[in-house]
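The next block holds one structure in the form of structure tokens; read it before the comments.
Numbers here are sequence positions counted from 1.
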Amino acid sequence: MSDNLKPKDHFPEQQGEKKQKKSKLTLAKQKKPKSPKKKWLTDEGKWGLFMISPYLIQFIVFIAFTLIASLYFSFSRYDMLNAPQWIGLDNYDKLINDPVFWKSLWNTLYFTILFVPTQTILALILAAALNQSLKGLKLYRMAHFIPVISSWTVVLYVADAIFNPRFGLANDLLLKLGMEPQQWLNDEALVIPVLVTVAVWKGIGYMMIIFLAGLQNVPEDLYEAADIEGAGVLQKFRHVTVPLISGTTFLVLVLSTITTFQAFEQIYVMTGNSGDITAAGGPNNASMVLMLYLFQQGFAFLKMGYASAIAWVLFLILFAITLVQVKLQNKWVHYEK
């Protein structure tokens with residue numbers, strides 16, 4: 001067979017096309033740029049991390065680390081003088097069988113039940129009254145906010161002038177009305193209501209400011225439309241104001257609840273005997289709340305492991321109550337869309 005008739009020369013055009021395709025593929029591979037490696041943090045991100053590093057370090061050292069440490073201590077016997085000893089669930093078992101813990105939990109809930117609705121309602125009424133066009137309005141608002149920025153030591157002197165059983169104004173008023181004077185802070189039945197009264201007076205100005213911010217965001221045209229329909233003051237307040245500030249009301253309820261579960265300084269100052277932490281919470285543990293009991297166990301009796309267990313139980317209770325509040329807000333809280 002001659003060279004012209006060899007199989008490899010039968011289709012020269014097809015072989016040329018295949019070579020051209022291969023060369024194009026090779027060139028495409030060579031020209032295709034390599035994708036740069038993605039950095040886990042851009043230069044802008046590095047600067048952002050640098051700017052928040054003071055807070056980040058503070059969070060890690062003073063919050064995250066202390067949370068983990070307190071959780072470990074809650075399963076340990078620890079007196080802050082010796083190394084903690086692992087004892088498992090003994091602290092929590094002791095907590096369940098501790099009558100003073102249950103007494104302090106009830107006192108905390110009782111304080112909350114009295115304080116939260118009272119402060120919320122009064123703060124709303126006060127905010128509505130100070131949301132009017134009045135002369136000297138800023139002066140009135142400032143006067144109601146002064147107790148908020150006053151220390152509990154100053155508030156103690158004011159409360160003592162009113163509720164002191166010997167020379168207090170409250171007993172003077174009762175005597176003028178022909179009633180028997182009361183022991184107030186020394187009476188087991190009255191100590192929590194008195195503490196709630198003082199706490200409401202001190203904190204109402206802060207909640208008033210929050211309500212004022214909500215009231216000033218209510219559109220005026222809705223009130224004008226209600227006037228055209230013939231609605232009175234109470235009807236406008238009920239059907240216009242209250243629904244439109246429901247988000248603000250929810251915020252006040254949550255903040256007030258957290259405040260009551262963290263109540264410590266007021267009860268320590270008002271029921272303690274000359275700064276004696278072991279004497280605070282009286283009479284007969286009638287004003288003992290969870291935060292005060294925690295502080296006594298941890299810093300007066302050096303039972304830091306037991307105090308850590310109380311702290312975690314307090315956290316779980318407060319978390320559960322807040323979660324319920326958040327779940328229930330869909331039924332009555334209305335946000336503008």
Side-chain angles (χ1 to χ4, degrees), residues 80 100-101 103-116 118-120 122-123 143-173 181-209 255-304 306-307 310-311 314-315 317-318:
M80 295 191 296
V100 181
F101 166 76
K103 178 70 172 178
S104 63
L105 176 59
W106 162 246
N107 289 338
T108 304
L109 293 174
Y110 182 35
F111 192 99
T112 303
I113 292 168
L114 293 180
F115 176 82
V116 173
T118 303
Q119 179 173 253
T120 303
L122 292 179
H144 286 92
F145 198 76
I146 286 176
V148 177
I149 60 177
S150 301
S151 68
W152 275 111
T153 305
V154 175
V155 173
L156 171 63
Y157 287 106
V158 177
D160 187 62
I162 298 173
F163 296 108
N164 190 288
R166 290 181 297 172
F167 52 80
L169 296 176
N171 276 344
D172 286 345
L173 180 61
Q182 301 295 324
Q183 291 298 312
W184 303 114
L185 291 174
N186 295 321
D187 189 323
E188 293 184 26
L190 295 176
V191 60
I192 291 292
V194 170
L195 292 171
V196 167
T197 302
V198 177
V200 168
W201 173 73
K202 187 181 188 304
I204 195 172
Y206 181 73
M207 298 306 172
M208 176 199 72
I209 294 297
L255 292 177
S256 299
T257 303
I258 294 173
T259 300
T260 56
F261 273 84
Q262 294 178 341
F264 164 74
E265 187 179 1
Q266 172 198 6
I267 299 171
Y268 171 58
V269 170
M270 295 186 65
T271 64
N273 184 14
S274 301
D276 184 6
I277 183 61
T278 59
N284 194 25
N285 293 325
S287 61
M288 180 69 70
V289 293
L290 283 175
M291 282 297 295
L292 181 61
Y293 189 52
L294 183 158
F295 188 86
Q296 282 186 351
Q297 294 298 313
F299 296 98
F301 306 131
L302 298 182
K303 298 178 180 179
M304 188 56 67
Y306 190 56
I310 297 173
L314 174 61
F315 164 75
I317 293 172
L318 189 55

**Asked** How many angstroms lie between CG in Leu190 and CG in Leu195, if you round to the nearest 0.5 Å?
**Response** 10.5 Å
**Message:** Determine whether Thr118 and Thr197 satisfy the following criterion, side chain to side chain contact (heavy atoms under 4.5 Å, CB included), listing intermediate values before the conclusion.
**Reply:** CA-CA 9 Å; Thr118 303; Thr197 302; over 6 Å; no
**Message:** Restricting to ring pair (Phe, Tyr, Trp, His ring centres under 6.0 Å), what partner residues turn up for Tyr306, sequence neighbours left out?
**Reply:** none
**Gly281 versus Thr271, closest heavy-atom pair with distance** = N-OG1, 3.0 Å
**Prompt:** So which heavy atom on Gln182 is nearest to which on Asp187, and how close?
**Reply:** OE1-OD2, 4.1 Å
**Fill in**
side-chain contact (heavy atoms from CB on, under 4.5 Å) filter on Ile146, not counting sequence neighbours, yields Ser150
**Message:** Using every non-hydrogen atom in the two residues, find where Phe167 and Asp172 come nearest and quote the distance to one decimal.
**Reply:** O-OD2, 4.2 Å
**Complete:** With sequence neighbours left out, the residues meeting side-chain hydrogen bond (donor to acceptor under 3.5 Å, both in side chains) with Trp152 are none
**Nearest non-hydrogen partners of Gln119 and Ala199, listed with the distance** = OE1-O, 4.2 Å
**Request:** Would you please name every residue forming a side-chain hydrogen bond (donor to acceptor under 3.5 Å, both in side chains) with Thr257, sequence neighbours left out?
**Result:** Gln325
Please set out all donor-acceptor pairs under 3.5 angstrom arising from side-chain atoms of residues 291-300, sequence neighbours excluded.
residue: Tyr293; atom: OH; partner: Asp98; partner atom: OD2; Å: 2.4
residue: Gln296; atom: NE2; partner: Ile277; partner atom: O; Å: 2.7
residue: Gln296; atom: NE2; partner: Ala280; partner atom: O; Å: 3.2

**Message:** Rounded to the nearest 0.5 Å, what separates atom NE2 in His144 from atom CD1 in Ile209?
**Reply:** 10.5 Å
**Item:** Which residues share a side-chain hydrogen bond (donor to acceptor under 3.5 Å, both in side chains) with Asn164, sequence neighbours left out
**Value:** Asp160
**Prompt:** In chain order, what residues pass the side-chain contact (heavy atoms from CB on, under 4.5 Å) check against Leu173, with sequence neighbours excluded?
**Reply:** Leu177
**Prompt:** Looking at residues at least two apart in the chain, or sitting in another chain, which of them share a side-chain hydrogen bond (donor to acceptor under 3.5 Å, both in side chains) with Thr259?
**Reply:** none
**Request:** Apply side-chain contact (heavy atoms from CB on, under 4.5 Å) to Asn186 and list each qualifying residue two or more places apart in sequence or on a separate chain.
**Result:** Pro165, Gln183
Review item, side-chain donor-acceptor pairs of residues 106-115, under 3.5 Å, at least two apart:
residue: Asn107; atom: ND2; partner: Lys103; partner atom: O; Å: 3.3
residue: Asn107; atom: ND2; partner: Asn285; partner atom: O; Å: 2.9
residue: Asn107; atom: ND2; partner: Ala286; partner atom: O; Å: 3.3
residue: Asn107; atom: ND2; partner: Met288; partner atom: O; Å: 2.9
residue: Thr108; atom: OG1; partner: Ser104; partner atom: O; Å: 2.7
residue: Thr108; atom: OG1; partner: Leu290; partner atom: N; Å: 3.1
residue: Thr112; atom: OG1; partner: Thr108; partner atom: O; Å: 2.8
residue: Thr112; atom: OG1; partner: Thr260; partner atom: OG1; Å: 3.0

**Request:** For the pair Val155 and Met270, evaluate side chain to side chain contact (heavy atoms under 4.5 Å, CB included) and give the outcome as yes or no after the intermediate values.
**Result:** CA-CA 9 Å; Val155 173; Met270 295 186 65; 5.6 Å; no
**Item:** Pairs flagged by ring pair (Phe, Tyr, Trp, His ring centres under 6.0 Å) wherever residues 189-209 is involved - sequence neighbours left out
**Value:** none
**Message:** Looking at every non-hydrogen atom in both residues, tell me the closest pair between Met207 and Ala123 and how far apart they are.
**Reply:** CB-CB, 3.7 Å
**Asked** Looking only at heavy atoms, which two atoms of Ser287 and Val191 are closest? And how far apart?
**Response** CB-CG2, 3.8 Å
